[in-house]
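Here the structure comes first, spelled out in structure tokens, and everything after it is commentary.
To find a chain, count down the sequence lines: A is the first, B the second, and so on, and within it residues start at 1.
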2 protein chains.
Amino acid sequence: MYTVKEVSKLLDLTEHTVRFYTDKGLVPSVKRDKNNNRLFDEESINWLIGVKYLKQCGMSVEDIKSYVDLCLEGRSTIEERYEIIKKQKAIALEQLEEAKLRAKYMEEKLNHYLDIINGVISDDTNPGEWEPKYANTPHKKETS
Amino acid sequence: MYTVKEVSKLLDLTEHTVRFYTDKGLVPSVKRDKNNNRLFDEESINWLIGVKYLKQCGMSVEDIKSYVDLCLEGRSTIEERYEIIKKQKAIALEQLEEAKLRAKYMEEKLNHYLDIINGVISDDTNPGEWEPKYANTPHKKETS
DNA sequence: CTCTTGCCTTCGTGTTACCCGAAGGTGATA
DNA sequence: TATCACCTTCGGGTAACACGAAGGCAAGAG
């Protein structure tokens, strides 16, 4: 059994956020001890991991709450849940592509700065600021 | 030369956001036409792309503004800018790893739902909700 | 036994990064 | 000339926390 603090370290969320999520009903299995402290078991942690990922996909707390409620209703809502996860999976894949571009951009920019520092190139390609060329690549929204 | 609307489509930002960024001084090269409309050239778009990526790395608008100001000061601030981008690159790489885990999670969850729908497995592994096991993998903050 | 430490609680306001809609100007087209 | 379609500024609203205050409970120190 884990406390708020332990869980927050485990999942790299702030304690505020963990309390916020539990208060909003996103972690239905969370219990309280005799002093009213939140207590997380493995199941609660699994819920929280799911919540964290759904949130990173850009779902609002409200929508995640609806999804959690669907889960609690059991088997009869499976198709609906399937559609939700299908959509979030598509978003996750878009985010993955965007993350690759972002990492590549930062790397190229860093190399450019290195070249300037090492005097490999002069700075006069810079009317304002040089940028790697990504205008033609897709720029999908990071719905976070 | 592009209008706010065109730029917003090109970079997949809302028009509100594009105006917000320009008003905050994050796109120093943006001009106005005789009717006071914002006008973006290639340089402005490059700035905006950079701003977008830095923001996705979790930088605040305020910090991005500071960085832009450093850029405008020219060569003398190159080491400082180097350190900033180095840090953001590290963050971008963490985000990339996290994005992979997230996509994998969604895929496994979707497959699990498919198994239930197809009757391959019964739903009774589900006291609350089944989750793929990721508790032991690192859970870094998505500073977005 | 009391005191301090440290964790937890609730509550309520503050902050960031927008979102949204109102009110209005401009300029090309019908 | 009227209607679009676009732009502008402005001001208030919102989501998801962040933060701090005020206080409860328990365990160890002296």
Legend entry - Salt bridge present between B/Glu73 and B/Arg81 (N-O < 4.0 angstrom): no

Legend entry - Distance, rounded to the nearest Å, where B/Ile64 contributes CD1 and C/dA17 contributes P: 8 Å

Inset, instruction - Could you check B/Arg102, B/Gln56, B/Gln95, B/Glu98 and say which one makes a side-chain contact (heavy atoms from CB on, under 4.5 Å) with A/Gln95? - result: B/Arg102

With 3.5 Å as the limit, what N/O pairs link the protein to nucleotides 23-27 of chain C?
residue, atom, partner, partner atom, Å
C/dT26, O3', B/Asn35, OD1, 3.2
C/dT26, O3', B/Asn35, ND2, 3.4
C/dG27, OP1, B/Asn35, OD1, 3.2

Legend entry - Nucleotide pairing, DNA chain D (Watson-Crick or G-U, distances under 3.5 Å), in dot-bracket with [ ] and |: ||||||||||||||||||||||||||||||

Inset, instruction - Could you verify whether a donor N or O on one side chain and an acceptor N or O on the other, from A/Ser66 and A/Asp69, lie under 3.5 Å apart? - result: no

Legend entry - Donor-acceptor contact present, side-chain A/Glu83 to main-chain A/Glu80, <3.5 Å: no

Inset, instruction - With rounding to the nearest 0.5 Å, note down the distance linking CE in B/Met1 to CG in B/Asn37. - result: 12.0 Å

Legend entry - Whole-Å gap separating C1' (D/dT8) and CG (B/Asp33): 11 Å

Inset, instruction - Any chance you could measure B/Tyr2, atom OH, to B/Ile45, atom CD1, to the nearest 0.5 Å? - result: 4.5 Å

Inset, instruction - Output yes when at least one side-chain N/O atom of A/Thr17 is less than 4.0 Å from OP1 or OP2 of D/dA16, else no. - result: no

Legend entry - C/dT10 OP1/OP2 closer than 4.0 Å to side-chain N/O of A/Arg32: yes

Legend entry - Residue A/Val4, side-chain atoms from C-beta onward, closest of D/dC17, C/dT9, D/dC7: C/dT9

Legend entry - Basic-acidic side-chain contact under 4.0 Å: B/Lys100, B/Glu97: yes

Legend entry - Carboxylate-amine/guanidinium contact A/Lys31 A/Glu43, below 4.0 Å: no

Inset, instruction - Determine which pairs satisfy salt bridge (Lys or Arg N to Asp or Glu O under 4.0 Å) with at least one residue from residues 17-28 of chain A, sequence neighbours left out, and list them in order. - result: A/Glu15-A/Arg19, A/Asp23-A/Arg38

Legend entry - Separation of C/dA17 P from B/Lys65 NZ (nearest whole Å): 14 Å

Inset, instruction - For B/Met59 and C/dT16, give me the distance from atom CE to atom P, rounded to whole Å. - result: 15 Å

Legend entry - Length of the CZ-C1' vector between A/Arg19 and C/dC8, whole Å: 7 Å

Inset, instruction - For B/Phe20 and C/dC19, give me the distance from atom CZ to atom C1', rounded to whole Å. - result: 11 Å

Inset, instruction - Could you check how far NZ of B/Lys52 sits from P of C/dC18, rounded to whole Å? - result: 12 Å

Could you pull out the protein-nucleic contacts involving nucleotides 1-4 of chain C (nitrogen or oxygen on both sides, under 3.5 Å)?
none

Legend entry - Short side-chain N/O contact from B/Thr3 to OP1 or OP2 of D/dC6, under 4.0 Å: no

Legend entry - Distance (rounded to the nearest 0.5 Å) between B/Ile85 CD1 and B/Ile91 CD1: 10.5 Å

Inset, instruction - Can you figure out which of C/dT10, D/dA16, D/dT9 approaches the side chain of A/Asn36 most closely? - result: C/dT10

I'd like a table of atom pairs between the protein and nucleotides 19-22 of chain D - only N or O on both sides, under 3.5 Å - with the distance next to each one.
none

Legend entry - Interatomic distance, A/Leu96 atom CG to A/Lys89 atom NZ [nearest 0.5 angstrom]: 12.0 Å

Legend entry - Members sharing B/Leu93's hydrophobic cluster (side chains within less than 4.5 Å): none

Inset, instruction - Give a yes/no on whether any side-chain N or O of B/Tyr21 is located under 4.0 angstrom from OP1 or OP2 of C/dA17. - result: no

Inset, instruction - Quick one: closest heavy-atom pair of B/Ile64 and B/Val51, and the distance? - result: CD1-O, 3.9 Å

Inset, instruction - With heavy atoms under 4.0 Å as the rule, sort A/Arg38 into base, sugar-phosphate or nothing. - result: sugar-phosphate

Legend entry - Nucleotide D/dA15, atom C1' - distance to CD of A/Gln56 in whole Å: 17 Å

Legend entry - Atom pair OG1/CD of A/Thr77 and A/Glu79 - distance to nearest 0.5 Å: 8.5 Å

Legend entry - Separation of A/Asp41 CG from A/Trp47 CH2 (nearest 0.5 Å): 12.0 Å

